[in-house]
Amino acid sequence: QGGFYAGADLLNTNIEEIATAANYEIRQVYQTVGFTGIEKFKNQDKYRQIDLIESRVKNAEHSIRDRINVAALAAQSGSAVEGLGNLVDTAGTGTVGGINSATAGNEFWQNQQINVGSFSAQGQKQLRTLHVSCSRDGYQPDFHVCSTTVWAYFETEMEPRERYLTVSGPNGGELGNFGFPYLSFKATPVFYDRALTTDRWYMLTSEFLMFMAAVGVNFTMSPFINPVNQDAFMAKILWYGNFVTNGRKYQGVGHTITA
């Protein structure tokens, strides 16, 4: 409770519940790294052409990050991490972190959403409206991610503002420079991700959206072990955590987007 008062006015000291704590499951992700005994033998210094173990570990690190990224851009299912598909729902409601935002009194837990429709006809207008809805309490979106298709729609709309410049070619000659290497909306970066398979535009405020990782199990690699019944060596990279938000009202999604 709170309000204005004068002098010795009595203050309302009743405790007001303004938020319900969100609780997220700890999700577990793994990636195996392995090689055979003969591969280890061939990887000795006098035979080695590349560092086999280092290469396998790097590939495994990329794989586990890609797996988390794909899940984070989808809707949560099974034992996967939470994803933007449910954290920033196209209906604005849904149950996230154990809180049903459709329940009376839980409206604070709803995210912003807008039906964009035709991008060429009204896309930027709708996105400006969404930006206003997400901007509150001194915060505003600082990160945008969309599908490759929606990115193409946006770049097409930006083409009339494009400056055609020349750049140095490989032999010192001049080449025409067409297309934007980077795009922004409201002075904040816009990225596309091929893992986002639905044509949406997510407008995100990073202050209230984060990956939470468990201490000690944050892309942690186990020792290599040699199974008793195999001439092979195996290790695991493990990650415990989740993709979470503590402020859905600051996040938005533009959906139902067409050319």
Side-chain angles (χ1 to χ4, degrees), residues 22-36 39-40 43 50-90 94-98 111 141-152 189-227 230 232-248 251-255 257:
N23 293 293
Y24 295 90
E25 296 287 337
I26 297 176
R27 305 295 184 181
Q28 300 165 267
V29 191
Y30 78 96
Q31 183 69 40
T32 58
V33 188
F35 53 89
T36 64
E39 288 176 326
K40 182 181 179 182
N43 198 51
I50 61 171
D51 191 318
L52 174 70
I53 299 175
E54 181 180 340
S55 175
R56 293 278 171 88
V57 170
K58 285 185 179 297
N59 287 339
E61 289 173 343
H62 289 310
S63 294
I64 193 171
R65 286 179 169 84
D66 285 346
R67 182 170 288 109
I68 294 172
N69 181 66
V70 169
L73 290 170
Q76 196 280 329
S77 65
S79 56
V81 297
E82 302 291 331
L84 289 178
N86 57 288
L87 294 178
V88 192
D89 186 76
T90 55
T95 299
V96 173
N111 62 261
D142 56 5
F143 183 84
H144 306 264
V145 62
C146 59
S147 68
T148 56
T149 300
V150 174
W151 167 277
V190 180
F191 299 95
Y192 66 81
D193 197 308
R194 297 183 188 281
L196 181 54
T197 57
T198 52
D199 289 334
R200 296 175 184 172
W201 179 303
Y202 286 104
M203 196 170 287
L204 308 172
T205 305
S206 60
E207 180 74 18
F208 304 97
L209 188 71
M210 64 218 76
F211 279 99
M212 300 294 290
V215 176
V217 197
N218 187 11
F219 299 111
T220 304
M221 186 168 169
S222 71
F224 281 97
I225 60 172
N226 177 209
Q230 283 185 298
F233 301 85
M234 189 67 64
K236 297 183 293 291
I237 298 176
L238 302 175
W239 185 84
Y240 292 1
N242 212 336
F243 185 36
V244 306
T245 179
N246 58 354
R248 292 186 76 203
Q251 320 299 338
V253 58
H255 57 87
I257 304 174

(request) Kindly indicate whether the side chain of Q31, heavy atoms from C-beta on, has any atom under 4.5 Å from the side chain of E61. (result) no

(request) Enter the distance from N69:CG to F243:CZ here, rounded to the nearest 0.5 Å. (result) 9.5 Å

(request) Count the heavy atoms of every other residue, nucleotide or ligand shown that sit under 6.0 Å from CD1 of I225, and state whether that count exceeds 12. (result) yes

(message) Between V33 and F233, is there a side-chain heavy-atom distance shorter than 4.5 Å?
(response) no

(request) Applying side chain to side chain contact (heavy atoms under 4.5 Å, CB included), name anything that partners L238, two or more places apart in sequence or on another chain. (result) Y30, V217, K236

(message) Testing the basics here: between D51 and E54, what is the closest heavy-atom pair and its distance to 0.1 Å?
(response) OD1-N, 3.0 Å

(request) Provide the full list of side-chain hydrogen bond (donor to acceptor under 3.5 Å, both in side chains) pairs with a residue in residues 213-226, sequence neighbours left out, each pair given once. (result) N218-W239

(request) Work out which heavy atom in H255 is nearest to a heavy atom in T90; give both atom names and the distance. (result) NE2-O, 3.3 Å

(request) Search all heavy atoms of V81 against all heavy atoms of Q76 and return the closest pair with its distance. (result) O-CG, 3.3 Å

(request) Specify the closest pair of heavy atoms between A235 and M221, including all atoms of both residues, with the distance to one decimal. (result) CB-CE, 3.9 Å

(message) Minimum heavy-atom separation for N111 and L87, please, with both atom names.
(response) OD1-O, 3.7 Å

(request) Apply side chain to side chain contact (heavy atoms under 4.5 Å, CB included) to T36 and list each qualifying residue two or more places apart in sequence or on a separate chain. (result) I38, E39

(message) Looking at every heavy atom in both M210 and M212, which two are closest together, and how far apart are they?
(response) CG-SD, 3.6 Å

(message) So, taking the atom named CG in N242 and the one named CG in N23, what distance separates them when rounded to the nearest 0.5 Å?
(response) 11.5 Å

(request) For T148, enumerate each residue passing the side chain to side chain contact (heavy atoms under 4.5 Å, CB included) test, keeping only those at least two apart in sequence or located in another chain. (result) Y192, R194

(message) With heavy-atom distances below 4.5 Å as the criterion, would you say the side chains of T205 and Q251 are in contact?
(response) yes

(request) Compare all side-chain heavy atoms of V253 with those of D89 and state whether any distance is below 4.5 angstrom. (result) no

(request) Output the distance between atom CD (Q28) and atom OH (Y240), rounded to the nearest 0.5 Å. (result) 4.5 Å

(message) Run the side chain to side chain contact (heavy atoms under 4.5 Å, CB included) test against P227 and tell me which residues pass, sequence neighbours left out.
(response) N229, Q230

(message) Has Y24 got a side-chain atom pairing as donor or acceptor with T245's backbone, closer than 3.5 angstrom?
(response) yes

(request) Report yes if the side chains of L196 and L84 come closer than 4.5 Å at any heavy-atom pair, otherwise no. (result) no

(request) Would you check if the distance from the ring center of F143 to the ring center of Y202 is below 6.0 Å? (result) no

(request) If the plane angle is over 60° it's perpendicular, under 30° parallel, otherwise tilted; pick one for H144 and W201. (result) perpendicular

(request) Please confirm whether the backbone N or O of A80 pairs with a side-chain atom of R27, one donor and one acceptor, at under 3.5 Å? (result) yes

(message) Between V88 and R248, is there a side-chain heavy-atom distance shorter than 4.5 Å?
(response) no

(request) With sequence neighbours left out, write down each residue that passes side-chain hydrogen bond (donor to acceptor under 3.5 Å, both in side chains) with T149, or none if nothing qualifies. (result) none

